[in-house]
2 protein chains.
Amino acid sequence: MKNVSTEDYLSVIYKNQNEAGEIKSNLIADKLSISNAAVTDMVKKLSKEGLINYTPYKGISLTQEGDSYAKALVRRHRIWELFLFQIVGLPWEKVHDEAEKLEHCASDELINRMEEMLNFPEFDPHGDPIPDKNGRIPKRPNHFPLTKADVGAIVSVQRVNDSDNQFLAHISNLGIDLRSEIFVKEVISYDGSMVVECNGRTFTISQKAASNIFVEKAG
Amino acid sequence: MKNVSTEDYLSVIYKNQNEAGEIKSNLIADKLSISNAAVTDMVKKLSKEGLINYTPYKGISLTQEGDSYAKALVRRHRIWELFLFQIVGLPWEKVHDEAEKLEHCASDELINRMEEMLNFPEFDPHGDPIPDKNGRIPKRPNHFPLTKADVGAIVSVQRVNDSDNQFLAHISNLGIDLRSEIFVKEVISYDGSMVVECNGRTFTISQKAASNIFVEKAG
DNA sequence: TCTTTAATTTAAGCAAACTTAAACTATTAG
DNA sequence: CTAATAGTTTAAGTTTGCTTAAATTAAAGA
Ligand SMILES: [Mn+2]
Ligand SMILES: [Mn+2]
Ligand SMILES: [Mn+2]
Ligand SMILES: [Mn+2]
């Protein structure tokens with residue numbers, strides 16, 4: 001097992017790489033709240049350790065080894081999140097920060113045991129996929145932001161953006177949960193907010209919030 | 001919350017202080033597997049931070065503040081241990097090492113939630129007391145090593161030494177658990193080993209093992 | 001193409017927590 | 001009471017991961 005710092009770099013790279021698998025050093029610095037110079041330093045070390053590909057002034061990307069290490073970290077993180085949510089009963093806006101630390105300090109045995117307790121789940125409390133022991137990532141039907149749903153449609157929540165705790169607490173408060181069904185009654189053209197019905201209650205949801213909720217057409 | 005290193009020092013001091021509340025720098029170095037020089041360094045810092053009392057060449061002891069911080073750490077550690085044992089189902093020889101890391105990275109909220117799930121327990125899986133939120137430590141009836149039990153006596157296990165995982169796995173294998181009742185049938189004077197009955201099975205237990213099992217007379 | 005700007009790297013330095021080796025104190029034995 | 005020894009501290013140096021400021025490279029606009 002690598003140290004916490006190394007793990008944080010790998011997981012930031014993994015989560016923020018573009019479609020081509022590349023990331024700017026800039027973005028890493030941003031996400032970790034450190035200077036660019038520190039990133040350059042560390043990136044050299046990670047490269048020497050064979051975890052990333054790096055050519056100065058060009059790009060940064062994960063090697064095979066770095067990628068599978070990062071995938072294992074994401075796995076740990078999401079299993080912790082689901083465990084805290086489902087077994088311990090923490091609300092979904094609190095599990096991420098907790099998991100951010102716990103992911104670095106549980107043995108594989110404990111992670112696997114929790115996975116078993118949770119019955120080998122495919123998705124975390126925010127709807128993000130959990131890689132299995134072999135690094136396989138569950139696929140999911142296409143989903144799109146709630147803002148793209150048509151008036152009159154009934155959709156079901158598949159995933160929510162887990163990067164803003166206030167947002168999570170907010171929609172949870174409105175009664176929106178993973179797998180909730182939402183009936184789109186009206187879209188206010190002025191500001192893009194939506195009038196929806198969910199769990200028998202009708203309320204308005206802002207465009208900003210709706211854009212962070214991902215849904216599929218309800219069958 | 002202090003950093004991991006500081007926490008490790010405090011908890012080693014707490015757990016290894018003598019009756020007068022003092023500890024040799026020697027012992028700290030030993031327990032943390034680092035040099036004496038490193039301990040001297042750190043001990044100065046902790047002293048400056050008001051967590052320990054320190055006079056060069058004399059003694060090291062916890063201040064009020066250091067003591068209550070250490071107590072909170074022990075609380076975290078033991079709640080984690082019991083949680084892993086009872087809720088997650090890890091065997092008692094595995095919970096200590098896991099808790100050793102987890103104790104540094106769960107929020108108070110999570111610890112308190114686990115405590116609640118466990119119904120405000122008083123003792124960890126090895127029979128060690130769990131300080132409550134206010135630092136109060138549950139008292140327990142007198143207990144003594146199994147080696148001191150008389151032939152013919154029936155005793156119940158109150159606590160086991162949690163510092164050796166092999167020992168824990170061994171006695172667990174023999175069927176000895178916390179609160180097990182043990183009937184002392186015979187003591188072999190040659191090597192001090194004991195023939196005992198526990199859960200209907202009769203077997204021999206070495207003096208070494210028996211000396212790490214603490215019991216009280218069964219009522 | 002040349003110049004301006006933005007992104008990135010290099011240089012120099014710092015703090016934390018270690019190390020080994022040497023110097024110092026305290027304790028204990030003769 | 002002195003000398004040997006055990007325990008502790010100081011000195012000097014290392015590694016890791018960071019900082020700011022200066023230099024370099026790449027990209028974009030005129
Ligand atoms: Mn998360
Ligand atoms: Mn998540
Ligand atoms: Mn323990
Ligand atoms: Mn214990």
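First the proteins, then the strands, lettered A, B, ... as listed; each starts at 1. Every heavy atom of this structure was used, including side-chain atoms; hydrogens, water molecules and symmetry mates were not.
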side-chain hydrogen bond (donor to acceptor under 3.5 Å, both in side chains), that's the test. Do A:E7 and A:S5 meet it? Break it down for me.
CA-CA 5 Å; A:E7 295 196 341; A:S5 202; over 6 Å; no

Report the C-alpha separation of B:E115 and B:K133 in whole Å, then their side-chain angles, then the decisive distance to 0.1 Å, and conclude whether the salt bridge (charged side-chain N to carboxylate O under 4.0 Å, His left out) test is met.
CA-CA 10 Å; B:E115 182 187 33; B:K133 279 183 199 79; 3.3 Å; yes

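With a 4.5 Å cut-off on side-chain heavy atoms, B:K71 and B:I137 count as touching. In this structure the side chain of B:L168 never reaches within 4.5 angstrom of the side chain of B:D164, judged on heavy atoms. Counting heavy atoms from C-beta outward, A:P129 and A:K139 have side chains that stay 4.5 Å or more apart. Two residues are said to be in side-chain contact when any heavy atoms from C-beta on lie closer than 4.5 Å; A:M117 and B:V88 meet this criterion. B:L110 is listed as a side-chain neighbour of A:L102, based on a closest heavy-atom distance under 4.5 Å. Side-chain contact between B:W92 and B:V160 is present, with heavy atoms from C-beta onward closer than 4.5 Å. Side-chain contact check for A:H104 versus A:N3: every heavy-atom pair is 4.5 Å or farther apart.
Remark: C1' of C:dA17 and NZ of B:K2 are 17 Å apart, rounded to the nearest angstrom. With rounding to whole Å, A:N3 atom CG is found 14 Å from C:dA17 atom C1'. For B:K44 and C:dC18, the NZ to C1' distance is 14 Å, given to the nearest whole Å.
Contact check, B:K45 against C:dA17: a side-chain N or O comes under 4.0 Å of OP1 or OP2.
Using a 3.5 Å distance cut-off with no hydrogens or angles, the side chains of B:Q207 and B:T147 do not pair a donor with an acceptor.
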Residues 47-59 of chain B, side-chain donor-acceptor partners within the protein, below 3.5 Å, at least two apart:
from, atom 1, to, atom 2, distance (Å)
B:N53, OD1, B:S61, OG, 3.3

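For A:N134, there are no side chain to side chain donor-acceptor pair (under 3.5 Å) partners at least two apart in sequence or on another chain.
Annotation: proximity of residues 4-32 of chain B to DNA chain C (heavy atom, distance under 4.0 Å) is found for B:S5, B:Y9, numbered in ascending order.
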What string of B, S and - do you get for nucleotides 23-28 of chain C 5' to 3' if you count protein non-hydrogen atoms under 4.0 Å?
-BSS--

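A centroid separation of less than 6.0 Å is found between the aromatic rings of A:H96 and A:H77.
If you walk DNA chain D from 5' to 3' and mark each nucleotide with an atom closer than 4.0 Å to a heavy atom of chain A, the marks span D:dT16 to D:dA26.
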Between the protein and nucleotides 19-22 of chain C, list every N/O to N/O distance that falls short of 3.5 Å.
from, atom 1, to, atom 2, distance (Å)
C:dT19, OP2, B:S35, N, 2.7
C:dT19, OP2, B:S35, OG, 2.7

